[in-house]
Amino acid sequence: MVARVIPVEKFDLVIFGATGDLARRKILPGLYRRWKEGQIPEGAAIIGAARSEMSRAEFQAQVTSALEEFLPKDELQPDVLAGFMDMLGYVAIDARGEGGWQALGEHMREGVVRAFYFSVAPSLFGDLAQRLHQRGIADRDSRIVVEKPFGKDLQTARALNQVLAEYFHEDQIYRIDHYLGKETVQNLMAVRFANILFEPLWNAQFVDHVQITVAETVGVDGRGEYYDNSGAMRDMVQNHLMQLLCLIAMEPPHCFEPDAMRDEKLKVIRALDPLRPGDYVRGQYRGNGGADYLTEAGNPESRTESFIAMKLHVSNWRWKGTPFYLRTGKRLKSRVSEIAITFKEPPHSIFGESNLWRENVLVIRLQPDEGMDLRVMIKEPGPGGMRLKDVALDMSFAEALGNDLYVPDAYERLIMDVIRGNQTLFMRGDEVEAAWAWVDPIIEGWETRGDRPEPYDPGSTGPEGALMLMHKDGRRWREIR
């Protein structure tokens, strides 16, 4: 089975920070794959921009090296690679000075989509936006893509939004969160809004609780300085997990359009109850002779969390009284991202006390094995009477849609959405600020009290306090397999 590929318009895409890690690992390999799949039209141009002085040929050699490192060998077909290289240009640019801007302007063509990817430190966003505007390189139809972090708190996020708004309208700004580009995250919207089966049950009357887990096996080694000034709350909860929560809890929008979707997500964030100290647990992996956060972060006095678990409530008619449990952490037992909706037990069992009821759970797996399963009760086969057993109605995307189905990486999809001018999977400025407005008092509280994260062993499921967070409610976390 081969997915239908729809080409986009001809475009000029400028990647600021084109020699950086994100461009090498994700952006350029993603663009190559879209070219290989026939989605990028002939005549499109990709212009790398960075501080380093180099020729076009040297940049092409660097891109080839990145593709060889981050893509399987069988994807690098010589004729396809040659066509991709023909699209590439390069300009040495000084983000805060005047060097390179005239040359960049000369690369821009009339009559094509102009997009500018800010794969650089957020401190440079304002300088790039200003020069693109003042030099006339960006016009009213141009688009800019900005990477997280979108500020460090509400004040900095608001300042960033204001400086971008000086030079670009909101409908030109694409705040990228790669989690929203994942195939399974988008399928979550399809499951909710394209099937009548779940919508009548998608509320506090029938849902006991919701769990959202994003577990990583890697630590912070290599980015310790950045992470130690961020932590799990800023790095993961304020953006990735908040977006997943919104997609689960939001009301059906009146149509599948960017602002309609984002209006409903914003309502969820604004309906979140303030988080109390007893509703969350922070952790920090500590290893005796092994992986240790303090060593990897280079800060022996660090109080930054590498793990956080929390219980949230959404105060609206749909969800009042239903807890949402979120957890994320590094150096955990396994790499798992999933959403589990646990339904309430039937009000009465006709099968007697010998049949232990187990919860109906809808699980949406984001990684590594993208798919869904629904656990239901059935009769256990055999002549021994009515014995019940819970089984999974399991669907793997690869198996259900064909093992040869190619599922694009999140960055591939999102970059193409930028070219199309589709902001559905991107965050709006007021959405970002609302998330920070909820997060800031929580961080301020633990910093004021001087709280220390609870230590946990690398390769575990997190600190003991996280288990107790659910145990005191008579519930338990799903196993991190």
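Here the structure is a predicted model, which means the values were calculated and not measured. Below, all heavy atoms of this structure are taken into account, side chains as well, without hydrogens, waters or symmetry copies.
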Engineer: Any salt bridge linking Glu264 with Lys267? Criterion: basic side-chain nitrogen under 4.0 Å from a carboxylate oxygen.
Structural biologist: yes
Engineer: Within this structure, what is the CD1-CD distance for the pair Ile248 and Gln243, rounded to the nearest 0.5 Å?
Structural biologist: 12.5 Å
Engineer: How long is the span from the NE2 atom in His107 to the OH atom in Tyr90, to the nearest 0.5 Å?
Structural biologist: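 Taking NE2 in His107 and OH in Tyr90, the distance rounds to 11.0 Å.
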Engineer: Give me the atom names and distance for the closest heavy-atom approach of Phe193 to Glu251.
Structural biologist: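 Taking every non-hydrogen atom into account, CZ-O, 4.3 Å.
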Engineer: If every non-hydrogen atom of Arg175 is compared with every non-hydrogen atom of Asn161, which pair is closest and at what distance?
Structural biologist: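 That closest heavy-atom pairing would be NH2-OD1, 3.0 Å.
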Engineer: Would Arg262 and Asp430 count as a salt bridge (charged side-chain N to carboxylate O under 4.0 Å, His left out) here? Give the steps.
Structural biologist: CA-CA 9 Å; Arg262 296 187 293 183; Asp430 54 358; over 6 Å; no
Engineer: Exactly one of Lys330, Arg331, Arg223 should register a side chain to side chain donor-acceptor pair (under 3.5 Å) with Glu296. Which one does?
Structural biologist: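 So, applying the side chain to side chain donor-acceptor pair (under 3.5 Å) to Glu296 and each of Lys330, Arg331, Arg223, only Arg331 qualifies.
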Engineer: When you measure from the side chain of Arg143 to the backbone of Ile419, do you find a donor-acceptor pair of N or O atoms at a distance under 3.5 Å?
Structural biologist: yes
Engineer: Looking at Gln186 and Gly181, would you say the former's side chain and the latter's main chain have a donor-acceptor pair under 3.5 Å?
Structural biologist: yes
Engineer: Do you know the tightest heavy-atom contact between Pro41 and Phe11?
Structural biologist: CD-CE2, 4.2 Å
Engineer: Could you grab the distance from atom CG of Leu272 to atom CG of Asn316, nearest 0.5 Å is fine?
Structural biologist: 9.5 Å
Engineer: Using a distance-only test with no angle check, is there a side-chain donor-acceptor pair under 3.5 angstrom linking Gln134 and Tyr167?
Structural biologist: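 Their side chains do not contain a donor-acceptor pair, so the 3.5 Å distance test is not met.
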Engineer: Check whether NZ of the Lys or CZ of the Arg Lys148 lies under 6.0 Å from the centre of the six-membered ring of Phe150 and within 45 degrees of that ring's axis.
Structural biologist: no
Engineer: Between OH of Tyr293 and CG of Asn299, what distance do you get to the nearest 0.5 Å?
Structural biologist: 7.5 Å
Engineer: So, are Arg140 and Asp171 salt-bridged, with charged N and O less than 4.0 Å apart?
Structural biologist: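 Asp171 and Arg140: salt-bridged.
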Engineer: Do you know which two heavy atoms are closest between Arg282 and Ile308, and how far apart they sit?
Structural biologist: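 Answer, listing the atom of Arg282 first, then Ile308: CG-CD1, 4.2 Å.
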Engineer: Working to the nearest 0.5 Å, report the span between CG of Leu88 and CG of Leu13.
Structural biologist: 10.5 Å
Engineer: With salt bridge (charged side-chain N to carboxylate O under 4.0 Å, His left out) as the criterion, how do Glu69 and Arg24 come out once you've worked through the C-alpha distance, each side chain's angles and the decisive distance to 0.1 Å?
Structural biologist: CA-CA 9 Å; Glu69 181 177 356; Arg24 286 175 50 80; 2.8 Å; yes
Engineer: Counting only N and O atoms by type, is there a donor-acceptor contact under 3.5 Å from the side chain of Glu305 to the main-chain atoms of Ala232?
Structural biologist: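 Yes, the answer is positive, given that a donor and an acceptor are paired below the 3.5 Å cut-off.
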Engineer: If you define the side chain from C-beta out and look only at heavy atoms, does anything of Asp417 sit under 4.5 Å from Tyr174?
Structural biologist: no
Engineer: Taking Gln238's backbone N and O only, do any of them form a donor-acceptor pair with Trp438's side chain (distance below 3.5 Å, no angle check)?
Structural biologist: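 Here the side-chain-to-backbone pair does not exist.
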Engineer: Indicate whether the side chain of Asp177 and that of Asn239 have a donor and an acceptor atom separated by less than 3.5 Å.
Structural biologist: no
Engineer: Pairing donors with acceptors under 3.5 angstrom, does anything connect the side chains of Gln367 and Ser337?
Structural biologist: yes
Engineer: Any salt bridge between Arg234 and Asp153, counting N to O under 4.0 Å?
Structural biologist: no
Engineer: Which distance, rounded to the nearest 0.5 Å, do you find between the OH of Tyr285 and the CZ of Phe307?
Structural biologist: 14.0 Å
Engineer: For the backbone of Asp228 and the side chain of Thr304, can you confirm whether one donor and one acceptor N or O come within less than 3.5 Å of each other?
Structural biologist: yes
Engineer: Would you call Glu75-Arg33 a salt bridge at under 4.0 Å N-O?
Structural biologist: yes
Engineer: Check whether the side chains of Tyr227 and Ser306 place a donor and an acceptor atom closer than 3.5 Å, and report yes or no.
Structural biologist: no
Engineer: Which heavy atom of Phe84 sits nearest a heavy atom of Ile46, and at what distance?
Structural biologist: CE1-CD1, 3.8 Å
Engineer: Considering all heavy atoms of both residues, which atom of Arg96 and which atom of Arg131 are nearest to each other, and what is their separation?
Structural biologist: O-NH2, 2.8 Å
